[in-house]
Protein chains: 2
Amino acid sequence: MASPKVEQNRAAKIAAIKQQARTLVAERGAASLSLREVARVMEQTSSALYRYFPNRDVLLTALIVDAYNDLGAVAEASVAASIGHPPLDRLVALACAIREWARSNMHEYALIFGTPIPNYVAPEATIAPAARIPCAFAATLGSATPPHRDFGPGGLPSGTLDLDALSVVLGDLDPDATARALLIWSSVFGLLTFELFGHFVGSVENAETFFRHAVADLGIQFGLEA
Amino acid sequence: MASPKVEQNRAAKIAAIKQQARTLVAERGAASLSLREVARVMEQTSSALYRYFPNRDVLLTALIVDAYNDLGAVAEASVAASIGHPPLDRLVALACAIREWARSNMHEYALIFGTPIPNYVAPEATIAPAARIPCAFAATLGSATPPHRDFGPGGLPSGTLDLDALSVVLGDLDPDATARALLIWSSVFGLLTFELFGHFVGSVENAETFFRHAVADLGIQFGLEA
DNA sequence: AGAAAAAGAGAGCACTGCTCTTGACGTGCT
DNA sequence: AGCACGTCAAGAGCAGTGCTCTCTTTTTCT
């Protein structure tokens, strides 16, 4: 059944298709990714590609998983490289690493964090790679053991977060600190998306400086110290 | 030239097309909006619609401007309704009003804040309606005259923001307060987008409670008081 | 009522995702 | 060696898209 040679050829072919699709996504965006065009660039018939990917969405899913893993690796590398540094610096470094990746991989960023593709539901396989980024935030924030402060007036009511699921990924922060970690990641995402998607043109002159200070400001609120 | 009757018919027709397109966008998303389908629903030929919109992007732009104005009106209404209330409550109310609009107009929200459409540049006409939302934030934050605090370590270097352009919209906040207002709007956007685009599934159980507390937390950092 | 202007219809081009059939190739088993 | 099987590529074809062109109908204005 599983002859070694064909298996190998098949894997190589799949990798080649994905690589080609990646460059097309980078050039014209994910929405207009066309199997025919991939085939044309590879000097093949479009129908041939359907042997490797049953439909366009499966190819898209493969790209999404790869993007999550790529960004996740960058985030984790930043966290690893900043061990021993002050917690606030670690947070800023992590955010900046994510920002750099996003800036040089705009379309892949849009692919995973942009508008969901209609009639496309992210399969199970994407949630594990997707968790690597918030996990990286937890690694820097969790190392700081910040002083407990209420999250919003009166603190967060129990039942707001799914603490059972979160503790697996984010470790043993208390609920309010966990909430604030999620808020920081959301805010970093918001800043980054506004910058990348052009909502800052005309207001923010130096996007990097603004970004660094904004993230640091959030970190200070969280209780991190330089 | 400008005959009164034809002008009127034309405006009515354009409105009808936009309305039809809006419902299609709400049903299947902006990416798959097709002029042919709009025509089909209106029991017309697709080519007839080209008399009113020279291409699909122009129709899309019209929908974008409408969405900005719709959301802007909601935001301004919230600001007007909360005059005299404590600043922190005003901020939370504004954020919640935006959230409600976003939840019941998912696809229009995605249209204006989601992944930019490839090969589509937002024309001049969109920036004025787009400014209404940050302007609404400024109206609530500006009324509070929060105590000055550095934005990030050492405060924001001059030249980071385009203060000339911002002061027109956001009024006379000092640079650090202006930066923090931008940060709050970015964060609200980030929270909202994560919720709407499904990045909170499995971690945030009660999205509204989390959202309210997160916004309030940001407001407290800004210096607002309840 | 008749001329002018606007709107609509329909065919057509080039493109898309996707399916189905047909023929060729390489591999492994007898 | 020969045969059968699984894999692969090609091509035709369906239904859909944006958009343009020409031609006809309707509406409006004088």
Side-chain angles (χ1 to χ4, degrees), chain A residues 1-18 20-25 27-64 107 111 116-121, chain B residues 1-21 23-25 27-64 107 111 116-121:
Chain A
M1 270 287 127
S3 41
K5 202 90 173 236
V6 298
E7 202 93 352
Q8 201 174 341
N9 288 351
R10 190 173 177 80
K13 189 93 190 185
I14 284 176
I17 293 171
K18 284 202 294 185
Q20 207 58 255
R22 234 186 306 274
T23 66
L24 284 180
V25 165
E27 279 170 12
R28 276 189 276 281
S32 65
L33 174 65
S34 118
L35 268 178
R36 280 182 131 104
E37 191 158 19
V38 174
R40 197 177 308 129
V41 175
M42 298 183 77
E43 292 182 326
Q44 276 202 312
T45 317
S46 65
S47 58
L49 300 192
Y50 282 84
R51 299 235 167 238
Y52 303 93
F53 295 95
N55 55 55
R56 204 192 74 141
D57 284 359
V58 172
L59 172 58
L60 228 46
T61 299
L63 296 184
I64 288 172
H107 287 103
L111 190 62
I117 296 135
N119 307 325
Y120 171 85
V121 282
Chain B
M1 267 292 120
S3 38
K5 202 93 174 227
V6 300
E7 202 93 351
Q8 200 175 342
N9 286 351
R10 193 174 175 80
K13 188 93 192 183
I14 286 177
I17 294 171
K18 284 202 296 187
Q19 187 48 47
Q20 207 57 256
T23 66
L24 284 179
V25 165
E27 280 170 12
R28 277 189 276 282
S32 66
L33 173 64
S34 111
L35 268 178
R36 279 185 131 104
E37 190 158 20
V38 174
R40 196 177 309 128
V41 175
M42 299 184 75
E43 292 183 323
Q44 276 203 311
T45 319
S46 67
S47 59
L49 299 192
Y50 281 84
R51 298 229 174 248
Y52 304 93
F53 295 95
N55 55 56
R56 205 193 75 141
D57 284 0
V58 172
L59 173 58
L60 229 46
T61 299
L63 295 184
I64 288 172
H107 287 104
L111 190 62
I117 296 132
N119 307 325
Y120 171 85
V121 282

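Please read these numbers as outputs of a predicted model, since none were measured by experiment. Numbers restart at 1 for each chain; the letters A, B, ... are given by sequence-line order, proteins then strands.
- B:Asn9 places its CG atom 14 Å from the C1' atom of C:dG8, with the value rounded to the nearest Å.
- Regarding contacts with the backbone of D:dG18, a side-chain N or O of B:Ser34 is found under 4.0 angstrom from either OP1 or OP2.
- The phosphate of C:dC15 (OP1 or OP2) has no side-chain N or O of A:Arg40 nearer than 4.0 angstrom.
- For B:Arg51 and C:dA6, a side-chain-to-base donor-acceptor distance below 3.5 Å is absent, hydrogens and geometry of angles not being considered.
- Residue contacts for A:Tyr52: at a heavy-atom cut-off of 4.0 Å it reaches the sugar-phosphate backbone alone, with no base atom in range.
- We find that CD of B:Glu7 is positioned 15 Å from C1' of D:dC29, with the value rounded to whole Å.
- Within the 4.5 Å cutoff, the side chain of A:Glu27 has heavy atoms near those of the A:Leu24 side chain.
- Atom P of nucleotide D:dA9 and atom CG of A:Leu49 are separated by 8 Å, given to the nearest angstrom.
- Between B:Met42 atom CE and C:dA9 atom C1' there is a gap of 15 Å when expressed in whole angstrom units.
- Residue side chain B:Ser47 reaches the base of C:dA9 through a donor-acceptor N/O pair under 3.5 Å, judged by distance alone.
- Mapping B:Tyr50 and A:Gln44 onto DNA chain D via the closest heavy atom, the residue that lands nearer the 5' end is A:Gln44.
- Residue A:Leu33 is classed as a sugar-phosphate contact, given heavy-atom separations below 4.0 Å to backbone atoms only.
- At D:dT7, none of the side-chain N or O atoms of A:Lys13 fall inside 4.0 Å of OP1 or OP2 (strictly under the cut-off).
- Straight-line distance from the CD1 atom of A:Ile14 to the C1' atom of D:dC8: 13 Å, rounded to whole Å.
- Distances were taken from every side-chain heavy atom of A:Arg36 (C-beta onward) to each of C:dG17, D:dT20, D:dA10; the shortest belongs to C:dG17.
- Each of B:Ile14, B:Leu59, B:Val58 was scored for a side chain to side chain contact (heavy atoms under 4.5 Å, CB included) with B:Tyr52, with one residue passing: B:Ile14.
- The minimum heavy-atom distance linking B:Leu63 with B:Ala21 is given by the pair CD1-CB, 4.0 Å.
- At whole-Å resolution of the value, CZ in A:Phe53 and P in C:dT19 are 15 Å apart.
- The closest side-chain heavy-atom distance from B:Arg40 to B:Glu37 is below 4.5 Å.
- A:Arg56 contributes a side-chain N or O that, together with a main-chain N or O of A:Leu33, makes up a donor-acceptor pair within less than 3.5 Å.
- Taking the side chain of A:Arg56 as heavy atoms from C-beta on, and the options C:dC18, D:dA9, D:dC19, the nearest nucleotide is C:dC18.
- Note on B:Asn55: every side-chain N or O is 4.0 Å or more away from OP1 and OP2 of D:dT20.
- Nucleotides of DNA chain C nearest to B:Arg10 and B:Ser46 differ in position, and the one nearer the 5' end is that of B:Arg10.
- One atom, CG of B:Leu59, and another, P of D:dT17, lie 14 Å apart when rounded to the nearest Å.
- For A:Leu35, counting side-chain heavy atoms from C-beta on, the closest listed nucleotide (C:dG17, D:dG18, D:dC8) is C:dG17.
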